[in-house]
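Following: one structure in structure tokens, then a few remarks.
Everything numeric in this text was worked out from a predicted model, so none of it was measured. Every chain is numbered from 1 and lettered A, B, ... according to where its sequence line falls, protein lines coming before strand lines.
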Amino acid sequence: MNIFENYLKSILENINHHYKELGINKIENYKGINLEKPPPNFDCDISSNVVLILAKQNKCNPITLGKNIKKLLEKNIKDFKDIEIAGPGFLNITLKNDAITLIINNILKKNEKFGSQKDSKNYNIEFVSANPTGPMHVGHCRGAVFGDTLSNLLKFNGNKVTKEYYINDYGGQITNFLKSVYLRIREIKYNEKFPNDKSLYPGEYIIEIADSIQKKRKSEFKNFDDEYEFLQLEALNLSMKMIKSDLSMLGISHDNFVSEKSVVESKTLDKAINLLKKTNYVDEGYLDPPKGEEIKNWKKTKRLLFKSTLFGDDSDRALQKNDGSWTYFANDIAYHFNKVSRNYDKLINILGADHTGYIKRIESAVKALSQNKIILECKVCQLVKLFKKGEPFKMSKRSGEFISVNDLLSEVNKDSIRFMMLNRSNDVELDFDFDKVLEKSKDNPVYYVQYCHARIQSLLRSTNNTSLKQKIVKIDKDFNKYEREILRKIFEWPKVVKISSLKYEPHRIPFYLYELATLFHSYWSKGNEDEKYKFIKNGKIANNILTIISLLLLVLKNGMGILNVSLPDKM
RNA sequence: GCGCCCUUAGCUCAGUUGGAUAGAGCAUCGGUUUUCUAAACCGAGGGUCGUAGGUUCGAAUCCUUCAGGGCGCGCCA
């Protein structure tokens, strides 16, 4: 039910049926022709640039062509009440009341499907994938909320989505983490001082993990290597438990957890590398040291490389380390080979800004692994900058000074966090001011949207109105200008959903909902100035307003549903 | 040195895959409540869309140049 698409179709059909009379060629190239909501200062329902595009294609005067097309469409499309030619040649279309009534009824019939795009792809979205070396911090939060909301959005459109978490439970960082736990256990048991070593994790939570493990295992903890396997099992388990609990408090749950360790231990890597060797994407070679910071133990020796320069990357990428063991990237290729073999139509990875440099090679790898059949698209969330009392607040995992999601959630609710994290394009840095979020003031846009819902519920309560489930709406009289503005905004909803999912930009949804709420609050307040705009008269709500309210509730529910932000009845 | 992202009102940011007079919030100033929720509304001021070119009926949007800011550039994960 996208009125813009529907009417665009009939307009173009009409023009193509009568192109000779219009003195133009049949339309072959539709690029750029569109229908949209007119700018606020034009009082009409739809506006289109068809004439401008066609005049260009046919090298004729837009105004003359416009007049002819206007005549044609007014005659042939019965939903159009009136067409005006404005500016350089825009068609500004006003719809008949009957047409509007029909559209509204169609929307109400669609109900929770209103705006859905009828896609049916099978997506895999990998997001969060935070190292299991500690709890989630605020920085992880953005990617988490982004990935989850994008998943909801794609599901809303009828796609199948697998939300995936890749557990980096392998490699040096994990050893350092386990060693830290081990040393904390020694600290607890033998009062040994925890060493001041940069490679270790000093955080407070390590002590908790250590304590819980040493209580569970009867052992002297005399040798790190002897305890390794047990520590690995237990400590990683505890870490993941913390992370999952944090995610769940944010309303996020993944469908699939894939462990790097299990990928490494499987034969996937051999298969993937063999395939890439056969297709000539992997070969032995030498690499020059990188241009940035100098690396001490660089050894220019022959090793297996992935030829990502074939895809436009700056350099080929090493698959083997000095000692011949596989690099992180090699393991990641195996993991993505595993993803490719699971037959998704599209893979999406949500990354933090610090991993931008990694995108080219992994996207290239997926192309190579799937013979260009499957596309991996990486979406980057820029940094979250933390502020406390207007002062920048630095945090680092190394020093253990960071604000965990858990700390945050003990003070701010999930709704505010989610809305705040999404109320900005993923391409720009996000200032996250604790004091502002904690204030629960009207500065916080989530309250503004929620309040819109609460006000509507309050209206319905005070008129004992429970019959909002009406299937067919009858319009008693013309909608007033405020109502028409709200209607036009509501008609725009499918387009917002479409663009958001097309570009993987869920932030458009909170912005849209905010604007919608503004129109409602504004209309509501008209009753303060003028009795005739009061919603409740003689204890009843007029049919037109009831209609508007039904539509608003529908869109609020669908929109906030995608964001997974609640809509309280009372505030 | 290279790659990616950003540069729009005093501040923080939207901007519909090229459209009409570039929009919000915050801040500033002024106004609205015997009332369906003031967590709200209305009004005012505030702009060389970083710079310089180009593409065309038309550019904040596309291309190129330069400048400024951020992130990254491992044979770490």
Side-chain angles (χ1 to χ4, degrees), chain A residues 4 32 34 36-42 47 49 52-53 55-56 62 86-90 92 131 133 168 170-174 176 260 287 289-293 295 297-301 303 312-315 317-325 327-329 331-332 352-360 380 382-383 385 423-431 433 436 440-445 447-448 450-452 454-455 457-459 461-463 492 495-496 498-500 502-503 507-508 511 514-515 518 520-529 531 534-537 539 541 570-571:
Chain A
F4 300 104
N34 58 32
E36 54 195 4
K37 184 173 172 285
N41 39 326
F42 291 93
S47 112
N49 63 351
L52 288 165
I53 303 277
K56 187 180 192 175
F90 287 95
N92 284 345
N131 285 351
T133 52
N168 297 127
Y170 186 85
Q173 299 274 27
I174 293 299
N176 291 341
E260 181 180 0
L287 282 182
K291 290 272 159 53
E293 208 176 313
I295 291 144
N297 39 3
W298 185 271
K299 279 186 186 158
K300 195 168 177 177
T301 55
R303 66 190 74 212
D313 200 0
D314 305 336
S315 154
R317 302 296 172 176
L319 296 171
Q320 292 172 307
K321 302 183 197 171
N322 278 336
D323 60 3
S325 64
T327 59
Y328 174 84
F329 178 49
N331 291 340
D332 215 15
D354 49 342
H355 290 101
T356 333
Y358 194 71
I359 294 175
K360 197 76 198 178
V380 173
Q382 292 298 324
L383 289 182
K385 283 192 289 185
N423 204 25
R424 193 118 310 176
S425 154
N426 60 288
D427 275 335
V428 305
E429 294 182 349
L430 181 132
D431 293 349
D433 195 311
K436 250 187 192 164
K440 290 192 180 178
S441 75
K442 60 190 167 184
D443 287 2
N444 198 334
Y447 291 110
Y448 188 81
Q450 289 179 322
Y451 186 46
C452 174
R455 270 186 155 170
Q457 292 303 335
S458 157
L459 270 180
R461 273 196 303 273
S462 57
T463 53
E492 220 187 336
K495 203 169 181 172
V496 173
K498 186 179 175 181
I499 292 163
S500 306
L502 203 70
K503 299 181 144 191
H507 73 273
R508 290 167 189 272
F511 277 101
Y514 189 92
E515 287 162 13
T518 302
F520 173 77
H521 288 310
S522 172
Y523 183 27
W524 169 287
S525 303
K526 288 293 173 293
N528 292 340
E529 298 155 24
E531 279 292 318
K534 279 222 187 300
F535 288 10
I536 297 178
K537 282 168 200 151
I541 306 179
K570 279 183 185 173
M571 285 174 79

Among residues at least two apart in sequence or on other chains, which ones pass ring pair (Phe, Tyr, Trp, His ring centres under 6.0 Å) with A/His521?
A/Tyr448, A/Tyr451

Could you tell me whether a side-chain N or O of A/Lys534 sits under 3.5 Å from a main-chain N or O of A/Gly527, the two making a donor and an acceptor?
yes

Can you list the residues that meet the salt bridge (Lys or Arg N to Asp or Glu O under 4.0 Å) rule with A/Lys495, with sequence neighbours excluded?
none

Candidates B/C41, B/C75, B/G70 - which lies nearest the side chain of A/Tyr448:
B/C41

Rounded C1' spacing from B/U21 to B/A60 in Å
15 Å

Using atom P of each nucleotide, how far apart are B/A59 and B/C75 to the nearest Å?
47 Å

Work out how far the C1' atom of B/U51 is from that of B/C6, and round it to whole angstrom.
16 Å

So the stems of RNA chain B, runs of at least three Watson-Crick or G-U pairs (under 3.5 Å), are B:1-7 with B:67-73, B:10-13 with B:23-26, B:28-32 with B:40-44, B:52-54 with B:62-64

For B/A38, take OP1 and OP2 only and decide whether either is under 4.0 Å from a side-chain N or O of A/Tyr447.
no

Suppose we screen for side chain to side chain donor-acceptor pair (under 3.5 Å). Which residues come up paired with A/Lys300, at least two apart in sequence or across chains?
A/Asp288

Checking contacts here: which listed nucleotide (B/C36, B/C73, B/C75) is nearest the side-chain heavy atoms of A/Lys300?
B/C75

Using a cut-off of 4.0 Å on non-hydrogen atoms, how would the nucleic acid contact of A/Ser458 be classed: base, sugar-phosphate, or nothing?
base

The side chain to side chain donor-acceptor pair (under 3.5 Å) partners of A/Gln320 (sequence neighbours excluded) come to none

From CD of A/Gln457 across to C1' of B/A39 the rounded distance in Å is 17 Å

What residues, two or more places apart in sequence or in another chain, satisfy side-chain contact (heavy atoms from CB on, under 4.5 Å) together with A/Ile536?
A/Leu459, A/Ser462, A/Thr463, A/Ile541

A/Tyr358 has an atom OH; how far is it from atom P of B/C75, in whole Å?
10 Å

Could you state the CD1-P distance from A/Ile174 to B/C76, rounded to the nearest angstrom?
16 Å

Residues in side chain to side chain donor-acceptor pair (under 3.5 Å) with A/Asp313, at least two apart?
A/Ser308, A/Arg317

In whole Å, what separates the C1' atom of B/C42 from that of B/A52?
43 Å

Using the C1' atom in both, what is the distance from B/G46 to B/U12, to the nearest Å?
16 Å

Quote, to the nearest angstrom, the C1' distance that separates B/U35 from B/A20.
40 Å

What string of B, S and - do you get for nucleotides 10-20 of chain B, 5' to 3', if B is base contact, S is sugar-phosphate-only contact and - is no contact with any protein heavy atom under 4.0 Å?
--SSSSBS-BB

Just jot down the side-chain contact (heavy atoms from CB on, under 4.5 Å) partners of A/Lys503, sequence neighbours excluded, or say none.
A/Ile499, A/Glu505, A/Arg508

How many Å lie between CG on A/Leu287 and P on B/G74, as a whole number?
11 Å

If you measure from the C1' atom in B/G53 to the same atom in B/A44, how many Å do you get, rounded?
38 Å

Find every protein N or O atom lying less than 3.5 Å from an N or O atom of nucleotides 29-35 of chain B, and list the pairs.
{"from": "B/U35", "atom 1": "O2", "to": "A/Asn528", "atom 2": "OD1", "distance (Å)": "2.9"}
{"from": "B/U35", "atom 1": "O2", "to": "A/Lys534", "atom 2": "NZ", "distance (Å)": "2.9"}
{"from": "B/U35", "atom 1": "N3", "to": "A/Asn528", "atom 2": "OD1", "distance (Å)": "3.2"}

All ring pair (Phe, Tyr, Trp, His ring centres under 6.0 Å) counterparts of A/Tyr523, not counting sequence neighbours:
A/Tyr482, A/Phe535

Once you apply a heavy-atom cut-off of 4.0 Å, does A/Ala55 come out as touching a base, just sugar-phosphate, or nothing?
nothing

To the nearest angstrom, how far is A/Ile295 atom CD1 from B/G72 atom C1'?
13 Å

Please name all residues satisfying side-chain contact (heavy atoms from CB on, under 4.5 Å) with A/Lys56, sequence neighbours left out, ordered by chain then number.
none

C1'-based separation of B/A77 from B/C63 [nearest Å]
38 Å

NA contact type, A/Lys360, heavy-atom cut-off 4.0 Å: base, sugar-phosphate, or nothing?
nothing

Test item: A/Asn49 side-chain N/O and A/Asn34 main-chain N/O as donor-acceptor pair under 3.5 Å:
yes

Using modelled atom types and a 3.5 Å cut-off, is there a donor and acceptor pairing between side-chain atoms of A/Ser325 and backbone atoms of A/Lys321?
no

